[in-house]
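Since we're looking at a predicted model, the values are computed, not measured. In what follows, every heavy atom counts, from backbone to side chain, and hydrogens, waters and symmetry copies are set aside. Just so you know, residue 1 is the first one in the sequence shown, and it goes up from there.
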Amino acid sequence: MEKSGGSEEASGPPPPLPPPPPTIPPNVKPERVTATKYTITSRRGVGTTGRPIQLLSNHFKVHVDNPDAVFYQYSVSITGEEKRVVEGRGIGRKVIDRVYQTYASELAGKRFGYDGEKSLYTVGPLPQNKFEFQVVLDEVAKRDIGSPGGSGSPSGPSKRSKRTFQSKTFNVDISYSAKIPLKSVALALRGADVDVNAQDALRVLDIVLRQQAANRGCLLVRQSFFHDDTRNFTSVGGGVTGVRGFHSSFRPTQGGLSLNMDVSTTMILTPGPLIDFLLANQNVREARYIDWVKAKRMLKNVRIKTMHRNMEFKIIGLSEKPCNQQYFSMRVKNGDGASEGQTVDITVYDYFARHCGIELKYSAYLPCVDVGKPKRPNYLPLELCTLISLQRYTKALSSTQRASLVEKSRQKPQERIRTLTDAMTNYKYDDDPVLAECGISIEKQLAQVEGRILETPKLKVGNSDDCIPRNGRWNFNNKKLLNPTQIDRWVVVNFSARCDTSHISRELINCGRTKGIIIQRPYTLIEEDSQFRRASPVVRVEKMFEQIQAKLPGAPEFILCVLPERKNSEIYGPWKKRSLSDFGIVTQCISPAKVNDQYLTNLLLKINSKLGGINSLLAIEHSSRVPLINDTPTLILGMDVSHGSPGRSDVPSVAAVVGSRSWPLISRYRASVRTQSPKVEMIDALYKPLEDGSDDGIIRELLVDFFQTSKGRKPTQIIVFRDGVSESQFNQVLNIELDQIIKAYQHLGEENIPKFTVIVAQKNHHTKLFQASSPDNVPPGTVVDTKIVHPRNYDFYMCAHAGMIGTSRPAHYHVLVDEIGFSPDQLQNLIHSLSYVYQRSTTAISIVAPICYAHLAAQQMGQFIKFEDIPEASSSPRSGSVTNVGGVPVQELPRLHENVQGSMFFC
């Protein structure tokens, strides 16, 4: 069903409850199954170290004056005149609104909370358990040509309609489903184990907020809503507009029930004339340059409104011929000099000129948009169409669009506070009748929170000098790297970039000398053969390696590669694959805009790390004094899964795990990367038993590396940092991923299972922290583990980095398991320290380094297969083979060459 209003719901209700634990796969032998079953741990106390700081948070306290209220859930079924089930969310809301208007007395005046689909909620019961209603809606007619829409139908004649509106009848069945007591939320707030009822009750409250936004004509995207207000629009180019709106969700916290409200942004198609959108989307100045094949793909299912009749349609395609050549058959009346029922062929252009009195200005020579049905086209000239507002754009943004969005949507802390408090005042949530029945009222001021600023970790650099970061930053001015490498044989290659490679190599050598890195003169400088500049990226890379092999007596230790584009170079993926997988040579790609000391120092930090050097260490790491880790062999894992662009369900997801090496160090890591089924978040290759009894999984590779680089010690403690999973997936991390890690350990013949500490790190949440007495962002090292945290589970917020622009977003850490037994202070200080061991930069980072490294490794190796088609038949792992996962072919990544497997190639 089409909606005639401007609002749109982009997704369903909040995510479902987590699935039950998985069954044991059939390929696991019984003796390998451990009896250990992990459950999410509860809080063991709070931290005390650090300097106190008064903060505000974007949580608004919720008061519940009727805690004994009970939500009654009812199932809703809406069918049309032909007994077809109606599933369009917009039409569903209109139908339920009409039900209330028509049958309020039968429903005892009860107000609803409706999710737009199949569930309806009331406070207290309706008069009976089952209702059957019939309602009539007046919908704007959407006819073929000859109708008031004024379009053309070449597939057959159609009558001229005299009606602007047509009525539609709907049958609505409402039947009792379940009770959800609000009291369950109060129990959860007191620290009881959160049961299904508490989560369901919070979900109902969120649905009521969504309904309120839908009634205002907002675009709904999960738990965010966006108004059709051009003051909140900002163009990011390419016919795409960013819309500022709000996220809102009820959350149980130590301080009671709170409403988490935050500024949110989504992307929409820029509303306005359709032709303007197409020109902007394809970045052309005139319509004659539009690629119509691309335009047809872009416009499918886009909703437009006609200027001449103010009616709404959905585009299904484009006409094959221009407007002035596209004929259709039109039924004519007696008054037109023809007998009743006679048809005449007429072009869309002539139809609008003769029968609508519209002289088309520029679209006569352009295709028409088809707003009909597959077998009954219905044509409209382009210039009469405007894009309806609030239509989501779900494709991936280009790097330019992303940069523009970030630039235009950032808000300083005080501006964000003002935006949020204004919204809380304006939206008057307390007035909602369903919330009022629960006795719910929401405070209008941000929650006051006490935080602590942890002590900044000291670093060791070259000559055992101390380095004390200030405001989360440090530098190597007049300092040397702790463990600099030496580069004897290297080469510079240039893929047709406008760049003086001789000058860059000289400057790099000079800067390296000041940082302690001895770099010999490059063996040679190689420019790309001009005849291959227009060849495919794979061919260009192949030809460049042919030159390297021809001009060097042996393989170089290192290659500096100059690319013509700074971002998204098509050469990058094939180049990295060839150098890291086939030849085993460390490379650094650059595209310098400005070469100065800072640029060269940052470059040397990456190069030194990739070649096995160490730029800096934590002082406690340098002197082997890391609490609970120094005395017991401890492996630190960072895990992340990178998914393809939105809408690309055919691109494999890339799972990466990094593992610490050379214990007791916690700054050196090795990565192992695999592909898996698209959009699957749980990593399925941690333990991968083969038919011959061996294990080809990720964890075995990292365990063996730890053993080989840690003087033959096996880890008896494992700390797992997992990125990118939501709260509904926490049990899966324990039941699937942790279970695989244990099996991989046991497969190596070990009986004693290590102690585990499992921590999930989240960045995509909506809690922000602000200083109560300063307009600046919170200082680096700020931690909060009271009031706004979970009432039972072990979680805390940490802002380890210095927010220089916009409003800082803290990392949200959830401790799922802690067998090692860290105190809150020990764990928070360890996590804070792990934000200072990131070898690529001289700043504290917002999330622990192992997770950042896993993300980098997944991103870089994912480029290996970005430009290749999935092969028909499997080949060797070295070149990339195809694995069937659940019957779906997934292209395997080529494995790294043994020369670089242990390197920090991802730096």
Tyr100 six-ring face occupied by Arg111 cation (under 6.0 Å, within 45°): yes

Worked verdict on Tyr797 versus His765 for ring-ring contact (aromatic ring centres under 6.0 Å, His included): CA-CA 11 Å; Tyr797 295 92; His765 60 84; 5.6 Å; yes

Please tell me if the side chains of [X] and [Y] come closer than 4.5 Å, counting only heavy atoms from C-beta onward.
X      : Y      : value
Phe756 : Ile719 : no
Met261 : Asn58  : no
Pro67  : Leu182 : no

Residue list, side-chain hydrogen bond (donor to acceptor under 3.5 Å, both in side chains) with Ser846, at least two apart or on another chain: Lys763

Pairing residues for Thr786 by the side-chain hydrogen bond (donor to acceptor under 3.5 Å, both in side chains) criterion, not counting sequence neighbours: none

Using a strict cut-off of less than 4.0 Å between a Lys/Arg side-chain nitrogen and an Asp/Glu carboxylate oxygen, indicate whether [X] and [Y] qualify as a salt bridge.
X      : Y      : answer
Glu737 : Arg722 : yes
Asp262 : Arg416 : yes
Glu727 : Arg251 : yes
Arg51  : Glu455 : no
Asp68  : Lys183 : yes

Stepwise ring-ring contact (aromatic ring centres under 6.0 Å, His included) test for Phe250 and His59: CA-CA 9 Å; Phe250 287 96; His59 285 241; over 10 Å; no

Are any side-chain N or O atoms of [X] and backbone N or O atoms of [Y], one a donor and one an acceptor, separated by less than 3.5 Å?
X      : Y      : value
Glu819 : Lys755 : no
Arg452 : Val783 : no
Gln729 : Ser726 : yes
Asp200 : Arg203 : no

Looking at [X] and [Y], what are the two nearest heavy atoms and their distance?
X      : Y      : answer
Thr782 : Pro779 : OG1-O, 2.6 Å
Asp723 : Asp640 : OD2-OD1, 3.4 Å
Val185 : Ala198 : CG2-O, 4.0 Å

For [X] and [Y], does a side-chain donor sit closer than 3.5 Å to a side-chain acceptor?
X      : Y      : result
Asp206 : Ser249 : no
Asp795 : His812 : yes
Arg216 : Gln212 : yes
Ser175 : Asn129 : no

Test of ring centre spacing under 6.0 Å for Phe233 and His227: no

All salt bridge (charged side-chain N to carboxylate O under 4.0 Å, His left out) counterparts of Asp430, not counting sequence neighbours: Lys444

Point-to-point distance, once rounded to the nearest 0.5 Å, from CD1 of Ile440 to OH of Tyr429: 13.0 Å

Test side chain to side chain contact (heavy atoms under 4.5 Å, CB included) applied to Tyr114 and Ile207, step by step: CA-CA 7 Å; Tyr114 177 52; Ile207 284 168; 5.9 Å; no

